[in-house]
Amino acid sequence: MNENLTRPTDVSVQDFLAAVEHPVRRADGLALSEMMTRVTGQSAVMWGPTMVGFGSYRYTTGSGRRGEYFVVGFSPRKSSLSVYGATYAPESDALLEQLGKHKRGAGCLYVNTLADVDTAILEQLVAHNYPYILGNLAS
């Protein structure tokens, strides 16, 4: 079985975010880190080289593969902010309709900038999905 390459690291989240080249993406990353820390009660941890995660859970796939992943998180990528773990809870679809300009991928949201979305709605998505994932997707 393949091993999950996305694992927690000892890299400083603050150093990673401070090094984000684009000033808006850097500021949005710092704002997301603060909000997710406050909402989840968890410290930010780097997962792999580019993802900032909060909390963790263990999972087992249908094929029996086991792993660990962060519950919610984000990555300030060059093209957009990728927000992970905000689409699973039953309330998510209704909240996503109110979020603002975003795209939805497999398990994540793509947001150009935080200015394009209602950050109060984004905070509600994190607040609903964090406990939902821990209670329903963790093994």
Side-chain angles (χ1 to χ4, degrees):
M1 274 186 245
N2 293 337
E3 189 175 324
N4 188 355
L5 299 177
T6 305
R7 290 180 260 179
T9 71
D10 292 330
V11 174
S12 162
V13 171
Q14 289 301 318
D15 289 349
F16 167 72
L17 292 174
V20 172
E21 189 174 326
H22 192 280
V24 173
R25 195 82 66 235
R26 182 181 332 112
D28 285 352
L30 290 167
L32 277 173
S33 182
E34 184 279 326
M35 181 268 283
M36 288 185 174
T37 297
R38 183 172 32 80
V39 171
T40 67
Q42 300 293 313
S43 297
V45 173
M46 289 301 303
W47 284 71
T50 63
M51 292 187 275
V52 179
F54 299 82
S56 67
Y57 69 100
R58 295 194 178 282
Y59 64 87
T60 305
T61 65
S63 65
R65 180 174 178 240
R66 295 175 187 263
E68 181 182 20
Y69 207 67
F70 57 84
V71 182
V72 295
F74 68 93
S75 182
R77 303 202 186 271
K78 287 187 180 192
S79 61
S80 63
L81 291 167
S82 298
V83 180
Y84 304 99
T87 62
Y88 298 101
E91 302 87 354
S92 297
D93 287 338
L95 288 168
L96 287 167
E97 290 179 16
Q98 304 170 54
L99 181 61
K101 186 178 173 184
H102 72 280
K103 292 180 183 177
R104 190 169 174 177
C108 66
L109 300 175
Y110 300 104
V111 176
N112 288 331
T113 68
L114 289 182
D116 290 340
V117 298
D118 184 332
T119 55
I121 298 294
L122 184 58
E123 186 169 322
Q124 288 180 50
L125 282 163
V126 173
H128 286 291
N129 279 278
Y130 186 81
Y132 180 83
I133 291 169
L134 287 175
N136 293 282
L137 301 183
S139 59

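Owing to the predicted nature of the structure, the values given are computational and were not obtained by experimental measurement.
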Handout entry: Aromatic plane relationship, Phe74 with Phe54 - under 30° parallel, 30 to 60° tilted, over 60° perpendicular
Key = parallel
Problem - Gap between atom CD of Glu68 and atom OG1 of Thr6 - 0.5 Å precision - result: 11.5 Å
Exercise for the section: Mark yes or no for whether Asp28, through its side chain, and Leu114, through its backbone, hold a donor-acceptor pair below 3.5 Å. Expected result: yes
Problem - Residue pair Val39 / Glu123, side-chain heavy-atom distance below 4.5 Å - result: yes
Exercise for the section: Identify the heavy atoms of Val45 and Pro8 that sit nearest to each other, and give their distance. Expected result: CG1-CB, 3.9 Å
Exercise for the section: Calculate, to the nearest 0.5 Å, the distance between atoms CZ and OG1 belonging to Arg104 and Thr87 respectively. Expected result: 5.0 Å
Handout entry: Option from Leu122, Val52, Val72, Val111 for which side chain to side chain contact (heavy atoms under 4.5 Å, CB included) with Leu32 holds
Key = Leu122
Handout entry: Main-chain N/O of Gly29 paired with Ser33 side-chain donor or acceptor, under 3.5 Å
Key = no
Practice task
Kindly indicate whether the side chain of Glu91, heavy atoms from C-beta on, has any atom under 4.5 Å from the side chain of Leu125.
Solution key: no
Exercise for the section: With rounding to the nearest 0.5 Å, note down the distance linking CE in Met51 to OG in Ser82. Expected result: 9.0 Å
Problem - OG1 on Thr40 to CD1 on Ile133, rounded to 0.5 Å - result: 11.5 Å
Handout entry: Neighbour count >12 (heavy atoms, 6.0 Å) for atom CZ, Arg58
Key = no
Practice task
I would like to know whether Gln42 and Val71 meet side-chain contact (heavy atoms from CB on, under 4.5 Å); could you show each step before the answer?
Solution key: CA-CA 10 Å; Gln42 300 293 313; Val71 182; over 6 Å; no
Exercise for the section: Check the pair Ser56 / Trp47 against side-chain contact (heavy atoms from CB on, under 4.5 Å), numbers first and verdict last. Expected result: CA-CA 10 Å; Ser56 67; Trp47 284 71; 3.9 Å; yes
Problem - Inter-residue atom distance Gln98.CD - Asp93.CG, 0.5 Å rounding - result: 11.5 Å
Exercise for the section: Would you give the length of the straight line joining atom CG of Leu109 to atom NE2 of His102, rounded to the nearest 0.5 angstrom? Expected result: 5.5 Å
Exercise for the section: Would you check, one step at a time, whether the test side-chain contact (heavy atoms from CB on, under 4.5 Å) holds for Met36 with Val83? Expected result: CA-CA 11 Å; Met36 288 185 174; Val83 180; 3.9 Å; yes
Handout entry: Sub-4.5 Å side-chain heavy-atom contact between Leu137 and Tyr57
Key = yes
Fill in the blank from the handout: Smallest heavy-atom separation, Met46 atom then Val11 atom, equals CG-O, 3.4 Å
Problem - Sequence neighbours excluded - ring-ring contact (aromatic ring centres under 6.0 Å, His included) pairs with any residue from residues 110-131 - result: none
N/O donor to acceptor pairs below 3.5 angstrom from side-chain atoms of residues 15-22, sequence neighbours left out:
unit_1	atom_1	unit_2	atom_2	d
His22	ND1	Val24	N	3.2
His22	ND1	Arg25	N	3.3

Exercise for the section: Please confirm whether the backbone N or O of Thr50 pairs with a side-chain atom of Ser75, one donor and one acceptor, at under 3.5 Å? Expected result: yes
